[in-house]
Amino acid sequence: MPRGMMPRRPAKTGRHEGARLKAGLPIARPPKSKHVALPQKRAKDGPAAAPRGYKPTAPERISEILKRLDQLYPNVTCALTHKNAWELLVATILSAQSTDVRVNLVTPEIFRKYPTVQDFARLEPEQLEADIRSTGFFRNKSKSVVGAARKIVHDFGGTVPEKMDELLTLPGVARKTANVVLGTWFKKAEGLVVDTHVHRISRRLELTKNDDPKNIEQDVMRVVPRQKWILFAHQIIWHGRKLCFARSPKCLDCPLENICHAEDKTWTTVDRHKGAEA
Ligand code: SF4
């Protein structure tokens, strides 16, 4: 077998556990649930179809995933800096195809220059472009932000609406942005945020086979209890930033490792399942 094809095994010395401890992460232990106790077939044979009868969305497996995420990311929330619903809405629009770090560098200055939604409504989109240029797609984002401000001022009395269908009438606002504002600011679980991390990790964890955010949202909402939707999305987003990267996920350090059958895992103690990939 060519070098590099075999998945790395844990060091007998426990060195791999040391890496987790160093990172402050819990160590994955053998699962107790019958739904997660899969035969220990080595992954050297390559990914295979999931065994007959295996249900990745079985309640016991979902509970185990949620329990481990709670241990790993107990109090996580949205990383976008904001002081009110309008600021969160703007930050979320700007975060498309950008990073939260980048957006957090840009927003303090624009909210200093234009403190209220009415200030944004009075702008021409071109006036905002230079301020948000570094977040990318700045022409479209300027139009969306100014358009959303005008609509909020003219149709919603200057207040960001709290309903999904109303939020979706704002320029530049689709379900992801609406769910961020509803969940993070208004604490309303009307849906589930599906960003690039939730998209990728839901597929790796076999919570969905879909590729379209709308269908992924519906699939995950069906298996994760509603009271967990807001936190679950934040936890998965943090997991995507810390360990479950798009390329070279850090499976060796991941507490979900022995219940994750992702085809594109970088290290495994369990079977990898065909199709369970980002
Ligand atoms: S084991 Fe790897 S692929 Fe699976 S959730 Fe963890 S980091 Fe992601």
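The structure displayed is predicted, hence computed values, not measured ones. Atoms within each ligand, like the ligands themselves, are counted from 1 in listed order.
The proximity of Cys244 to ligand 1, defined as any non-hydrogen pair under 4.0 Å, involves the side chain as well as the backbone.
With hydrogens left out, the protein atom closest to atom 5 (S) of ligand 1 is His239 NE2, 3.7 Å, a heavy atom. Scanning the protein heavy atoms around atom 4 (Fe) of ligand 1, the nearest turns out to be Cys260 SG, 2.3 Å.
Put simply, Cys254 gets within reach of atom 6 (Fe) of ligand 1, with an N, O or S atom under 2.8 Å from it.
Checked against Val198 for a side-chain contact (heavy atoms from CB on, under 4.5 Å), the options Leu207, Thr208, Ile237 give a single hit: Ile237.
Remark: aromatic rings of Tyr73 and His239 are close, center separation under 6.0 Å.
Short contacts between ligand 1 and Glu257, defined as distances under 4.0 Å to a heavy atom of the residue, involve ligand atoms 1 (S). Per-residue contacts place Arg204 under 4.0 angstrom from the following atoms of ligand 1 (heavy atoms of the residue considered): 3 (S).
Other residues, nucleotides and ligands contribute at most 12 non-hydrogen atoms within 6.0 Å of the CZ atom of Arg133. In the displayed structure, Arg247 atom CZ is contacted under 6.0 Å by at most 12 heavy atoms of other residues, nucleotides or ligands.
Side-chain atoms of Thr269 and Glu257 include a donor-acceptor pair closer than 3.5 Å. Using a 3.5 Å distance cut-off with no hydrogens or angles, the side chains of Asn179 and Glu217 do pair a donor with an acceptor.
If you check each of Ala276, Ser248, Cys251, Pro255 against atom 3 (S) of ligand 1, the one with the closest non-hydrogen atom is Cys251.
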